[in-house]
Q: 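For reference, the structure I am asking about is given below.
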Amino acid sequence: MEVKRNNFLIILLIVGMLLLIPLIAMQFSNEVVWTASDFIIMGILLLVTGLGINLVLRKVSSSKNRLIIGGIVLAVFFVIWAELAVGIFGSPFAGS
């Protein structure tokens, strides 16, 4: 149980550090304009991705299958991120 809690805390710490990047960039550039909802959505997206990869690493025993499933998790993350940022599919959730 302790290992799961430690992994969760590590994932939360990494998500927090990644979200500091746009927060700091907003202080130095007018081109980075994130709202509170942007931080919340990206935090959720990063958290779910981190937990997904953690789940794959804990439950899948074969290195080959870990790599494939982990790659799928990351690919889904990047597609959702791109859709939210620039609207590659033109969905109503697109940022443009």
Side-chain angles (χ1 to χ4, degrees):
M1 187 65 109
E2 186 67 28
V3 173
K4 289 180 184 180
R5 184 176 313 152
N6 286 341
N7 286 347
F8 183 72
L9 292 175
I10 290 169
I11 292 168
L12 280 178
L13 183 64
I14 291 170
V15 168
M17 288 190 313
L18 287 173
L19 289 175
L20 281 176
I21 296 169
L23 182 65
I24 292 170
M26 287 173 56
Q27 310 309 311
F28 297 104
S29 172
N30 292 331
E31 295 187 16
V32 180
V33 182
W34 279 33
T35 62
S37 63
D38 292 326
F39 282 99
I40 291 169
I41 291 169
M42 186 50 105
I44 291 169
L45 188 57
L46 287 169
L47 183 62
V48 169
T49 302
L51 292 174
I53 290 174
N54 185 43
L55 181 68
V56 168
L57 291 175
R58 283 190 303 118
K59 297 294 183 182
V60 179
S61 58
S62 165
S63 295
K64 179 181 175 184
N65 289 341
R66 280 183 177 178
L67 188 62
I68 292 169
I69 298 170
I72 291 170
V73 170
L74 285 176
V76 169
F77 165 76
F78 285 124
V79 167
I80 293 171
W81 183 17
E83 176 61 23
L84 291 172
V86 295
I88 57 175
F89 300 117
S91 74
F93 303 108
S96 54

Q: Backbone N or O of Ala25 within a donor-acceptor pair of the Ser29 side chain at under 3.5 Å?
A: no
Q: Is there a chain of hydrophobic side chains (I, L, V, M, F, W, Y, each step under 4.5 Å between heavy atoms) that links Ile72 to Val48?
A: no
Q: What distance do Arg58 atom CZ and Ile53 atom CD1 have between them, rounded to the nearest 0.5 Å?
A: 13.5 Å
Q: Out of curiosity, does Ile21 fall in the hydrophobic cluster containing Leu12 (side-chain heavy atoms, cut-off under 4.5 Å, transitive links)?
A: yes
Q: Quick check for you: to the nearest 0.5 Å, what is the distance between Thr49 atom OG1 and Leu18 atom CG?
A: 10.5 Å
Q: Within this structure, what is the CD1-CG distance for the pair Ile11 and Leu46, rounded to the nearest 0.5 Å?
A: 11.0 Å
Q: In terms of hydrophobic clusters joined by side-chain contacts under 4.5 Å, are Leu13 and Ile40 together?
A: no
Q: Flag yes if Leu57 and Leu67 sit in one hydrophobic cluster, no otherwise; membership is Ile, Leu, Val, Met, Phe, Trp, Tyr, and two members link when side-chain heavy atoms are under 4.5 Å apart.
A: no
Q: Determine the minimum heavy-atom distance between Thr35 and Ser37, stating which atoms define it.
A: OG1-OG, 2.9 Å
Q: CG/Asp38 to CE/Met26 distance, rounded to the nearest 0.5 angstrom?
A: 8.5 Å
Q: Please say yes or no: joined through hydrophobic side-chain contacts below 4.5 Å, possibly via intermediate residues, are Leu55 and Leu74 part of one cluster?
A: no
Q: Under 4.5 Å between any side-chain heavy atoms of Val79 and Trp81, yes or no?
A: no
Q: Tell me the closest heavy-atom pair linking Met42 and Phe77, and the distance in Å.
A: SD-CE1, 4.3 Å
Q: Can any side-chain N or O of Asn65 pair as donor or acceptor with the backbone N or O of Ser62 at less than 3.5 Å?
A: no
Q: Which atom names give the shortest non-hydrogen contact between Phe8 and Leu51, and what distance separates them?
A: CD1-CD2, 3.7 Å
Q: Using side chain to side chain contact (heavy atoms under 4.5 Å, CB included), reason through Trp34 and Leu23 one step at a time and then give a plain yes or no.
A: CA-CA 8 Å; Trp34 279 33; Leu23 182 65; over 6 Å; no
Q: What heavy-atom pair brings Ala82 and Ile88 nearest, and what distance separates the two atoms?
A: CB-CD1, 4.0 Å
